Amino acid sequence: MPELPEVETVRRDLEARVLGRTIVGCCVSPDAPRLVQLVPVAEFCRELSGRRIAGLRRRGKYLIVDLDDGRAWVIHRRMSGNVLYRPRGAPPDDYTRAVFTLDDAHELRWTDLRKFGTMWLVEDATMVMESLGPEPLDAAFTPDVLRQRAGGRSAPIKSVLLDQTVLAGMGNLYTDEALHDAGIHPLRRANTLKRADYARLHDGIVRALRTGIAARGSSLGTTLRDHINVDGAPGENQHAVQAYGREGQPCYRCGGVMRRLKVGGRSSVFCPTCQRPPRRTHPAPGRRTTPTRAPAARRRAATAVARRT
DNA sequence: AGAGTAGCCTGTAAGC
DNA sequence: TGCTTACAGGCTACTC
């Protein structure tokens, strides 16, 4: 599933291939009625045709194609969207929903099995991504910034990291990786993490994302529904993954068995030894629950979920 | 306001 | 074997 590293990999590949090229044709399949946002497909295609590609940027999981008239073609891959750069006349690709013909005898093919992907043609790219949090790979993203943005939240840290208004670009895979790297349990409430926790988490986030980019993204599961790069080849980061999808397998750090639970409806894999669960449910024998602790019912519910799997 | 969740979508895999 | 159900997940819209 495309997250920051997968979008960045495609951005870099496209920059090397289509920068300066002109879009000479546009065809959107009628079976992808939600693909083009804000304007009718006919208008979108008409306005895009004839435009030269002046730049390629990324913001969070958004890919931004800057056009020569100052407008921006913004693409969000969501779950299964891929951008392929193919010679005109190359064999068809499964689940192709749109084709953008270029002036170099190639075309950009938008493939998207689940049809969740969206694109916009706008005057200013920021209008579709106003609420995004900071870029995790910018120098301005520091442990203090992370703590300031996340530290006031009572939701599980896993859910907070997935909130794009807190931090832009993290998805389920890299969140699991970062939390494992930092030794933080996904159910820990964000407002219970200490300064040192946020320092480790910051490092874990940056490391996980950089590792992903260096490996050209993660391609798990079957090729059809997964991230592939502009030439159709998968990434390699799935071989480097420490946590995501490794339920039942040994933790690379301690050898213990990796476990899985649901956090905010998302599957989360973690090491119960390296990532200590939140405060225990049951007070030690003879001890009383102090009023400053979370209500017993809530703590019990949290641990029950953690034990279920 | 913040937290939690249904729905969008389709292919795969597990269960009966 | 064939059918049904659960699951995967980014994001929006909705409820509580």
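Every chain is numbered from 1 and lettered A, B, ... according to where its sequence line falls, protein lines coming before strand lines. These numbers were taken from a predicted model, which means no experiment stands behind them.
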| said: Is there a side-chain contact between A:Tyr95 and the phosphate of B:dC9, meaning an N or O under 4.0 Å from OP1 or OP2? | reply: no
| query | What pairs of residues pass the salt bridge (charged side-chain N to carboxylate O under 4.0 Å, His left out) test when at least one of them lies in residues 228-240 of chain A, not counting sequence neighbours? | reply | none
| message | Strictly under 4.0 angstrom, non-hydrogen atoms only: write out the protein contact profile of nucleotides 9-16 of chain C, one letter per nucleotide from the 5' end, B, S or -. | response | BBB-----
| Please give, in whole Å, the distance from B:dT10 C1' to A:Asp94 CG? | 13 Å
| message | Pairing donors with acceptors under 3.5 angstrom, does anything connect the side chains of A:Tyr198 and A:Gln148? | response | no
| message | Can you identify which nucleotide, out of C:dA8, B:dG4, B:dG2, has its nearest atom closest to the A:Ser154 side chain? | response | B:dG2
| remark: Separation of B:dT12 atom P from A:Leu113 atom CG, nearest Å, is 8 Å
| remark: Result for 5'-nearest mapping on DNA chain B, choosing between A:Val160 and A:Lys115, is A:Val160
| request: Check the distance between B:dC8's P and A:Leu35's CG and give it to me in whole angstrom. | output: 18 Å
| query | Base, sugar-phosphate alone, or nothing: which one does A:Pro33 contact when heavy atoms must sit under 4.0 Å apart? | reply | nothing
| query | Between A:His180 and A:Phe270, is the ring centre distance below 6.0 Å? | reply | no
| field | Side-chain N,O (A:Ser80) to OP1/OP2 (B:dC9) below 4.0 Å | value | no
| Atom CG of A:Asp112 to atom P of B:dC9: distance rounded to whole Å? | 11 Å
| task | Taking the six-membered ring for Trp and the single ring otherwise, decide whether the centroids of A:Trp120 and A:Phe44 are under 6.0 Å apart. | result | no
| Near-ring test A:Phe141/A:His202, centroid separation under 6.0 angstrom | yes
| request: Verify, without hydrogens or angle tests, whether A:Ser49 (side chain) and A:Arg46 (backbone) share a donor-acceptor contact under 3.5 angstrom. | output: no
